[in-house]
*Asks:* 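Before I ask anything, let me first share the structure, which is written out below as structure tokens.
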Amino acid sequence: MTRPTILVCAGHDPSGGAGIQADIEAIGANGAHAATAVTALTVQDTRDVTEAIPVDPGVFQRAVDTVCADLAIAAIKTGVLANAAQVDHVAALKRRHPRVPLVVDPVLAAAGGGRLTDDSVGQALVEHLIPLADLITPNLGEARRLTGTDHDAENCARALARLGPDALVTGGDGEGPDAISTLATRDSEIARYVTHRLADGPFHGSGCTLASAIAARLAHGDTVTTAIDRASAYVHACLKSAYTPGHGQMIPDRVNNR
Ligand code: PLP
């Protein structure tokens, strides 16, 4: 089996629940190889983030460029982009490789509320990166911040899709018996992905897991809707067997599921 390479630009979470480690595990479980350019170091546990320290812009850029000069990149996935310079560097990379699918998970804050990016990132994403993305995967809070509205998921997804990408507003952080994610395509089609909610609180790293699994499926040649279907089934299995290694949120079992 071929193992396509996904370039991941994301932050490190030392609790091992979210960020780069989640991406590596999800991409590996979905039959792909994760090449990882770290955007930020964080200080956090399974409850919340207390510090986020951006990686030096030159180091981040050289890491991306060096990896891309060596490995054939089949998809790009972004998580935390710590500042506008990092957003712009990924945008320039996508412009150089327009046919490589780009999945943007526009992480702005941790589930516990801790900051992960500086204030310029939301606007930089909207203006420079989201228009180039194939798919974006905000949760409802991120979608509202990016649109500057308090719209519901469908209207946020529609507004974000008008910027260029397909937009999947994820529903894991909502309430009710089902987690409902809403996709608006750039052709104004709406699709809903419904799974039974497994816990009341958030899982640590579920958004990273979903976006990375989708990127891996796209790298295998799936369409966006098939990639979301398969990645959602994978995430649901990971959440069903989630475990609690610390005193806070549960962590999806990404390794023992396929
Ligand atoms: N990336 C990093 C480095 C993080 O610390 C977090 C959350 O704490 C996230 C991404 C987003 O995690 P989630 O997948 O739970 O939205």
Side-chain angles (χ1 to χ4, degrees), residues 6-27 29-30 34 36-55 60 76-83 86-87 90 103-118 121-122 125 135-146 153 168-174 179 181 195 197-216 228 231-232 234-236 238-239 242-254:
I6 318 300
L7 175 68
V8 178
C9 302
H12 179 254
D13 165 8
S15 82
I20 286 279
Q21 184 168 331
D23 300 322
I24 294 169
E25 292 174 356
I27 287 168
N30 282 276
T36 51
V38 177
T39 56
L41 301 178
T42 70
V43 177
Q44 65 179 296
D45 56 21
T46 55
R47 288 177 282 233
D48 202 6
V49 175
T50 49
E51 286 180 58
I53 307 99
V55 165
F60 172 69
I76 304 165
K77 183 261 167 180
T78 65
V80 167
L81 295 172
N83 49 42
Q86 292 180 353
V87 174
V90 179
V103 178
V104 172
D105 184 16
V107 181
L108 298 172
R115 287 167 57 101
L116 286 161
T117 62
D118 78 25
V121 168
L125 286 169
L135 176 70
I136 63 169
T137 61
N139 60 31
L140 183 58
E142 290 159 349
R144 285 177 170 161
R145 276 182 66 180
L146 291 169
L168 179 71
V169 176
T170 60
D173 56 340
S181 297
T195 51
R197 189 181 300 288
L198 294 166
D200 287 337
F203 292 89
H204 197 56
S206 54
C208 309
T209 307
L210 177 69
S212 279
I214 293 172
I228 295 172
S232 301
Y234 165 71
V235 171
H236 194 67
C238 297
L239 298 183
Y243 55 101
T244 311
H247 296 91
Q249 298 157 1
M250 289 189 285
I251 290 180
D253 179 0
R254 294 171 280 257

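Since the model is a prediction, treat every value here as computed from it, not as a measurement. Every number for a ligand or one of its atoms is a count from 1 in the order of the listing.
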*Asks:* What atoms in ligand 1 come closer than 4.0 Å to a heavy atom of Ser206?
*Replies:*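 So the answer, numbered in order with elements, is 14 (O), 15 (O).
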*Asks:* Check this for me - ligand 1, Asp13, N or O atoms closer than 3.5 angstrom, yes or no?
*Replies:*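 For ligand 1, there is no N or O atom that lies under 3.5 Å from one belonging to Asp13.
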*Asks:* So for Ala111, does at least one of its heavy atoms come nearer than 4.0 angstrom to any atom of ligand 1?
*Replies:*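 Judged by the 4.0 Å heavy-atom criterion, Ala111 does not count as contacting ligand 1.
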*Asks:* Is it the side chain (CB and beyond), the backbone, both or neither of Ile20 that lies under 4.0 Å from ligand 1, heavy atoms counted?
*Replies:*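 Within the 4.0 Å criterion, Ile20 makes no contact with ligand 1.
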*Asks:* Which of the listed options, Gly113, Ala110, Ala22, holds the heavy atom that is closest to atom 7 (C) of ligand 1?
*Replies:*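 Residue with the shortest heavy-atom distance to the ligand atom: Ala110.
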*Asks:* Within the 4.0 Å heavy-atom shell around Val80, which atoms of ligand 1 are there?
*Replies:*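 What qualifies from ligand 1 is 1 (N), 2 (C).
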*Asks:* Within the distance-only criterion (no hydrogens, no angle test), does the side chain of Thr39 pair as donor or acceptor with the backbone N or O of Gly11 below 3.5 angstrom?
*Replies:*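 Yes: the side chain of Thr39 pairs with the backbone of Gly11.
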*Asks:* Go through the structure and list residues passing side-chain contact (heavy atoms from CB on, under 4.5 Å) with Ala143, not counting sequence neighbours.
*Replies:*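 Applying side-chain contact (heavy atoms from CB on, under 4.5 Å) to Ala143 gives Pro138, Cys156, Leu160, Val169.
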*Asks:* For atom 5 (O) of ligand 1, what's the nearest protein heavy-atom neighbour? Residue, atom name and distance, please.
*Replies:*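 The answer is Gln44 NE2, 2.6 Å.
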*Asks:* Could you tell me which atoms of ligand 1, counted from 1 in the order shown, lie closer than 4.0 angstrom to a heavy atom of Gly19?
*Replies:*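 This gives 1 (N), 2 (C), 3 (C), 10 (C) as the contact atoms.
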*Asks:* Where is the tightest heavy-atom contact between Val38 and Leu41, given as atom of each residue plus distance?
*Replies:*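 That closest heavy-atom pairing would be CG1-CD2, 4.3 Å.
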*Asks:* For atom 10 (C) of ligand 1, what is the nearest protein heavy atom, given as residue, atom name and distance?
*Replies:*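 Scanning the protein heavy atoms, the shortest distance from atom 10 (C) of ligand 1 goes to Cys208 SG, 3.4 Å.
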*Asks:* Compare every heavy atom of Ile251 with every heavy atom of Pro245, then report the nearest pair and how far apart it is.
*Replies:*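 Closest approach of Pro245 to Ile251: CG-CD1, 3.6 Å.
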*Asks:* Does Asp48 offer a backbone N or O that forms a donor-acceptor pair with the side chain of Asp45 under 3.5 Å?
*Replies:*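 Between the backbone of Asp48 and the side chain of Asp45 there is a qualifying donor-acceptor contact (under 3.5 Å).
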*Asks:* Backbone N or O of His12 within a donor-acceptor pair of the Thr42 side chain at under 3.5 Å?
*Replies:*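 Confirmed, Thr42 side chain pairs with His12 backbone.
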*Asks:* I'd like to check which ligand 1 atoms, numbered from 1 as shown, lie under 4.0 Å from a non-hydrogen atom of Gly11.
*Replies:*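 By the 4.0 Å cutoff, the relevant atoms are 3 (C).
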*Asks:* Please list, in number order, the atoms of ligand 1 under 4.0 Å from a heavy atom of Leu116.
*Replies:*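 Close to Leu116: 4 (C), 5 (O), 6 (C), 7 (C).
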*Asks:* Between Asp105 and Thr137, is there a side-chain donor-acceptor contact under 3.5 Å, judged purely by atom types and distance?
*Replies:*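 The answer is yes; a qualifying pair exists.
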*Asks:* Between Ala18, Gly207, Gly205, which one has a non-hydrogen atom sitting closest to atom 15 (O) of ligand 1?
*Replies:*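 Selected option, by shortest heavy-atom distance: Gly205.
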*Asks:* Counting N and O atoms only, with roles assigned by atom type, does the side chain of Tyr234 sit under 3.5 Å from a partner on the main chain of Arg254, one being a donor and the other an acceptor?
*Replies:*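 Here the side-chain-to-backbone pair exists.
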